[in-house]
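When reading the values below, keep in mind they use all heavy atoms of this one structure, side chains included, and skip hydrogens, waters and symmetry mates. We count ligands from 1, going down the list as the structure has it; atoms in each ligand are counted the same way.
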Amino acid sequence: MKILVLNAGSSSLKYQLMDSTTEEVLAKGLVERIGTEGEADHSFDVGGSKGRESAHMDGHEHALRAAIAALSADGGVIDDLADIAAVGHRVVHGGEYFSASVAIDEGVLKKLDEVSPLAPLHNPAAVACIRASRELMPDIAQVAAFDTAYHQTIPPEAHHYPLPRELYDKYKVRRYGFHGNSHRYVAQRSADLVGIPLRDLKIISCHLGNGASIAAIKNGVSVDTSMGFTPLEGLMMGTRTGSIDPAIVTFLMRQEDLSPDEVDTLMNKQSGLLGVSGVSSDLRDVLDAQEHGNDLAKLANDMYAYCIKRYIGQYMATLGGLDIIVVTAGVGENSPAMRASALGGLEHWGIAVDPWRNFEGKEVFTGGLDGEFKISATGSRVKVLVVPTNEELMIARDTKALL
Ligand code: ADP
């Protein structure tokens with residue numbers, strides 16, 4: 001059975017066609033600069049043959065047509081649309097409506113429109129893509145998988161903010177959390193790798209990419225996570241502040257005469273690794289600058305690592321113990337230096353990283369997938385694992401299950 005997974009950003013569309021039986025990726029592609037004045041750029045790999053094309057594209061429907069054309073071209077991976085059993089859509093925000101993936105109907109679309117103000121940059125694109133997909137493939141089942149859904153199990157004392165109650169009642173201001181499909185995937189994968197059922201484990205999952213979040217997972221469910229009402233809260237990130245004293249916001253607005261939009265840009269786009277180091281939002285560049293003696297780059301890297309460590313301590317208390325730390329995404333999967341700083345010095349808590357395993361990455365598991373390895377030392381009470389994330393696979397599995 002072939003499942004098409006779609007991930008629509010405000011001006012982009014990522015897609016993957018997956019064989020849901022073998023879980024093999026048959027084709028994938030990326031369309032960028034949709035809806036801009038110039039030409040959109042479409043790159044794809046269909047059945048191992050790579051291609052690239054440029055053309056003006058008005059909106060997501062246009063991009064989706066281009067994707068389908070690539071999938072069904074001569075030597076492609078589908079003969080016609082009927083070969084696609086279902087479409088799974090990544091949707092960032094499900095508000096309080098959705099605690100799991102859901103088959104899309106008009107009622108679901110209405111709820112998605114309702115929660116769009118909570119994710120104004122992301123949800124409208126996903127909804128546009130869902131509508132286009134339903135129009136192009138009216139007979140094919142469509143499923144929505146949410147970044148927020150997995151965290152709906154976070155209990156009230158952890159998901160509410162200490163604000164006047166009416167703001168929650170009026171606007172649903174609360175912690176939602178994001179990266180749910182990633183945390184869910186790496187937690188399940190970690191359980192499989194250590195051979196212990198997920199329901200018996202206490203896990204801290206660290207998704208460290210451009211956006212970064214940590215989740216505390218107890219008996220298979222999320223009990224807390226660092227991102228909050230928006231993806232700005234929590235860890236220091238590439239360009240985002242993460243958590244800061246909220247009074248800094250009003251102070252800067254007054255002192256610098258900043259509008260809400262300007263302060264939003266400051267905290268989301270100009271801060272984090274980029275803001276502190278003045279070098280880059282990309283950890284590779286900041287680590288490199290530190291190597292060359294840049295003190296601000298060192299400070300940025302130290303702050304990034306310390307932030308992760310602080311959450312690990314916090315979530316050990318939340319979980320009442322710990323069995324596994326799993327790290328994933330660009331930084332987590334690829335930076336032994338950051339893993340060493342963030343997870344070092346925790347031996348007293350039963351967390352011991354083995355430098356050789358961390359830097360060489362050769363402590364693989366029998367039957368493990370590419371990029372999966374263990375970095376904790378022999379005898380470390382807490383197992384520390386590196387597991388490449390696969391959000392698309394989670395979406396495809398949910399889509400198949402809902403068929
Ligand atoms: P996104 O959140 O956009 O999906 P990724 O998970 O791909 O991001 O992570 C991207 C980030 O991972 C980059 O900005 C970079 O900082 C970091 N990264 C990737 N490779 C390395 C590496 N070898 N060393 C350090 N950082 C890396």
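The aromatic rings of His93 and Tyr176 stand perpendicular to each other, their planes meeting at an angle above 60°, with 30° marking the opposite boundary. Using bins of under 30°, 30° to 60° and over 60° for the plane-to-plane angle, the ring pair His62/His56 lands in the perpendicular bin.
From the protein, the heavy atom lying nearest to atom 6 (O) of ligand 1 is Gly330 N, 2.9 Å. At the top of the distance list for atom 2 (O) of ligand 1, counting protein heavy atoms only, stands Asn210 N, 3.0 Å. Arg284 CG, 3.7 Å is the protein heavy atom nearest to atom 27 (C) of ligand 1. Closest to atom 17 (C) of ligand 1, if we only count protein heavy atoms, is Val331 CG2, 3.6 Å. The single protein non-hydrogen atom nearest to atom 16 (O) of ligand 1 is Leu283 N, 2.7 Å, given as residue, atom name and distance. Looking only at heavy atoms of the protein, atom 15 (C) of ligand 1 is closest to Asp282 OD1, 3.2 Å.
Per-residue contacts place Ser335 under 4.0 angstrom from the following atoms of ligand 1 (heavy atoms of the residue considered): 24 (N), 25 (C). Per-residue contacts place Gly211 under 4.0 angstrom from the following atoms of ligand 1 (heavy atoms of the residue considered): 2 (O). Counting atoms of ligand 1 from 1 in the listed order, those under 4.0 Å from a heavy atom of Ala329 are 6 (O).
Within a 6.0 Å sphere centred on NZ of Lys383, other residues, nucleotides and ligands contribute 12 heavy atoms or fewer. Other residues, nucleotides and ligands contribute more than 12 heavy atoms inside 6.0 Å of the CD atom of Gln270. For Lys14, the NZ atom is loosely surrounded, since the number of other residues' heavy atoms within 6.0 Å does not exceed 12.
The closest approach between a heavy atom of Gly238 and any atom of ligand 1 is not below 4.0 Å.
Ring pair His151/His183: centre-to-centre distance below 6.0 Å. Two rings, from Tyr168 and His160, have their centers less than 6.0 Å apart.
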